[in-house]
Amino acid sequence: MLELVVAGEGREQEKLASMRSRAAKTGAEIQRSVAAIMEDVRARGYEAVEEYSVKFDSNSPREVSMEELEQAAGRIDPDLLAALQRSAQHIRAYQQELLSEVQMGLRLWDSPSGGKVGRLVRPLQRVGVYVPGGRAAYPSSVLMNVIPAKVAGVEEVIMVTPPTENLSDVVLAAAWVAGVDRCIAVGGAQAVAALTYGAGFIPRVDKLVGPGNAFVAEAKRMAYGNLDIDMVAGPSEVLAIADQTANPCHMAADLLSQAEHDPLASAVLLTDSMELAQAVQKEITRQLGYLSRREIMEQSLRDFGCAIVCPDLETCAKLADQVAPEHMEIVTENPRQVLELVHNAGAIFLGGNTPEPLGDYMAGPDHVLPTSGTAQFFSPLSVDSFMKKTSVLEYGREDLERVKDEIITLAQSEHLTAHANSIQVRFEKEG
């Protein structure tokens with residue numbers, strides 16, 4: 001049962017606080033284990049990667065050929081392949097539209113004091129995409145991680161996935177549809193370490209994206225600084241703002257669609273209608289009766305779910321901003337009006353016909369989103385995530401002369417005499 005809470009009585013803050021703090025903390029044992037693997041791979045390279053791969057995955061790393069990817073695409077259900085291709089088309093179109101807003105290459109403009117300043121925007125050269133194996137192998141995540149990198153112009157996108165005896169056909173097919181440049185069967189913290197430092201035929205990358213288990217997440221955290229990462233993702237979450245116009249059956253279904261991910265997932269309804277909240281409660285109970293993963297959903301809703309009845313939609317928006325959810329649905333009479341009241345969310349779904357799973361699979365915007373309140377300052381994965389920006393400066397002698405005295409003054413105020421000297425020597429008389 002979804003707990004019903006009335007705003008203003010204090011309980012809502014307890015529920016929202018538990019939601020924000022629910023991200024699993026990496027245990028000390030995992031930290032020690034991952035740190036040892038990372039250091040061993042840094043020191044011994046591919047030899048260590050192979051040892052850990054055999055130890056944890058029972059197989060050595062290997063290159064997966066492009067022919068194998070294409071053959072896998074031919075083995076999966078044709079309707080599934082068509083769905084992957086259509087999803088990829090929508091993701092690519094969305095990212096290309098974002099790319100059209102970015103001025104790639106060199107852009108220079110006049111500085112107020114003379115000279116030229118500007119920015120050079122270029123794609124990263126090599127990116128790694130981690131794809132989990134087993135039951136956590138989601139082909140949609142392959143598309144969502146690979147395609148933005150390819151649209152951004154990354155020269156080489158390398159997908160890694162654990163070297164199980166039989167690699168997932170649908171994951172390999174998704175890699176083929178997305179257009180990966182290389183696929184390497186290697187997983188775990190050793191895969192992260194190999195992509196961080198380079199190991200044998202596994203090259204070092206500039207950035208690593210993609211989800212993984214606690215060992216992979218901790219390895220990514222430790223690797224950051226040697227390479228860039230997307231984020232350390234927390235449990236999935238959805239928060240819906242709804243009024244009396246919302247369909248309670250649909251709202252219950254949307255909340256359950258996130259609760260099924262994980263016992264730590266969170267599903268919250270914020271509404272100004274007690275009638276809607278009660279109807280959603282009943283619908284959740286009814287729908288739980290025929291859905292799989294029932295135990296997971298029940299634990300998720302019990303621990304981190306609730307329906308909060310607020311005096312008005314403005315209060316709903318304020319509470320939503322406290323949470324800064326990964327996914328936010330706004331199902332009200334005028335969703336765009338409510339949209340203006342909220343500031344923090346990874347992705348926002350407007351109206352009763354824009355459910356969260358649409359974003360997971362088909363609409364085009366990326367489903368790699370900030371979680372655990374980080375939407376307050378992080379953005380979704382996109383083409384921007386795979387670009388680097390370099391500042392560019394170009395001054396002539398006369399331009400530099402106009403500002404030389406101020407530079408010398410500032411440098412001397414910081415006791416950096418060599419900085420000041422770098423300017424002074426250019427204007428001293430020779431001989």
Side-chain angles (χ1 to χ4, degrees), residues 35 38-39 42-43 95 97-128 148-149 151-157 192-193 195-198 203-209 219-232 321 324 343-344 346 368 370 373-431:
M38 296 290 287
E39 176 57 27
R42 188 194 66 77
Q95 297 296 337
E97 184 64 28
L98 294 183
L99 184 64
S100 70
E101 300 174 1
V102 179
Q103 183 164 339
M104 299 292 286
L106 178 63
R107 177 176 170 238
L108 293 171
W109 56 89
D110 293 331
S111 168
S113 59
K116 299 283 186 182
V117 294
R119 191 169 75 165
L120 178 61
V121 181
R122 292 178 287 198
L124 299 174
Q125 292 178 283
R126 183 183 287 136
V127 166
V151 172
V154 173
E155 292 179 19
E156 188 175 31
V157 178
V192 176
L195 293 171
T196 301
Y197 306 117
R204 180 177 181 175
V205 299
D206 301 317
K207 183 164 187 164
L208 177 59
V209 301
K220 286 175 66 178
R221 195 194 313 270
M222 290 182 180
Y224 180 65
N226 289 291
L227 47 66
D228 190 20
I229 63 172
D230 47 355
M231 61 190 76
V232 178
D321 270 346
H343 305 86
N344 305 325
V368 181
T374 59
Q376 188 170 346
F377 43 83
F378 279 155
S379 303
L381 197 74
S382 72
V383 289
D384 291 332
S385 307
F386 300 99
M387 295 176 189
K388 59 180 179 181
K389 291 90 175 178
T390 304
S391 299
V392 178
L393 304 84
E394 184 181 41
Y395 270 51
R397 181 179 174 82
E398 291 181 0
D399 302 322
L400 181 60
E401 189 169 14
R402 294 190 190 99
V403 294
K404 68 179 179 65
D405 292 337
E406 288 88 349
I407 298 172
I408 292 169
T409 297
L410 289 168
Q412 289 176 339
S413 76
E414 295 180 353
H415 308 291
L416 298 175
T417 56
H419 281 62
N421 183 63
S422 172
I423 303 299
Q424 287 170 328
V425 297
R426 283 172 165 77
F427 296 94
E428 292 174 353
K429 293 182 178 179
E430 294 183 6

Side chain to side chain donor-acceptor pair (under 3.5 Å) partners of Asp228, counting only residues at least two apart: Lys207
Donor-acceptor list for residues 115-128 side chains, cut-off 3.5 Å, not counting sequence neighbours:
unit_1	atom_1	unit_2	atom_2	d
Lys116	NZ	Asp110	OD1	2.6
Arg126	NE	Glu156	OE1	2.8
Arg126	NH1	Arg204	O	3.0
Arg126	NH2	Glu156	OE1	3.4

CG-CG distance between Leu393 and Leu400, expressed to the nearest 0.5 angstrom: 11.0 Å
Minimum heavy-atom distance Ala324-Ala375, with the two atoms named: O-CB, 3.5 Å
With sequence neighbours excluded, residues passing side chain to side chain donor-acceptor pair (under 3.5 Å) with Arg42: Glu39
Side chain proximity check, Val209 to Ile229, heavy atoms < 4.5 angstrom: no
Residue pair Gln424 / Ile408: nearest heavy atoms and the distance that separates them: CG-CD1, 3.4 Å
Check: Leu98 and Gln95 side chains under 4.5 Å, non-hydrogen atoms: yes
Non-neighbouring partners of Tyr224 that pass side chain to side chain donor-acceptor pair (under 3.5 Å), sequence neighbours left out: none
Point-to-point distance, once rounded to the nearest 0.5 Å, from NZ of Lys220 to CE of Met231: 8.0 Å
Side chain to side chain donor-acceptor pair (under 3.5 Å) contacts in which one or both residues fall within residues 405-419, not counting sequence neighbours: none
Polar side-chain atom of Thr196 near backbone of Val192 as donor-acceptor pair, under 3.5 Å: yes
Pairwise distance CG(Asn344) to CG(Asp321) - rounded to 0.5 angstrom: 4.5 Å
Gln103 backbone acceptor or donor facing Arg107 side chain under 3.5 Å: no
Taking distance alone, no hydrogens or angles, what donor-acceptor pairs closer than 3.5 Å link side-chain atoms of residues 376-392 to residues at least two apart or in another chain?
unit_1	atom_1	unit_2	atom_2	d
Ser382	OG	Asp384	N	3.2
Ser385	OG	Ser382	N	3.1
Ser385	OG	Ser382	O	3.3

Residue pair Tyr395 / Ser113: nearest heavy atoms and the distance that separates them: OH-OG, 3.3 Å
Polar side-chain atom of Asp399 near backbone of Gly396 as donor-acceptor pair, under 3.5 Å: yes
Neighbour count above 12 (heavy atom, 6.0 Å) for Arg402 CZ: yes
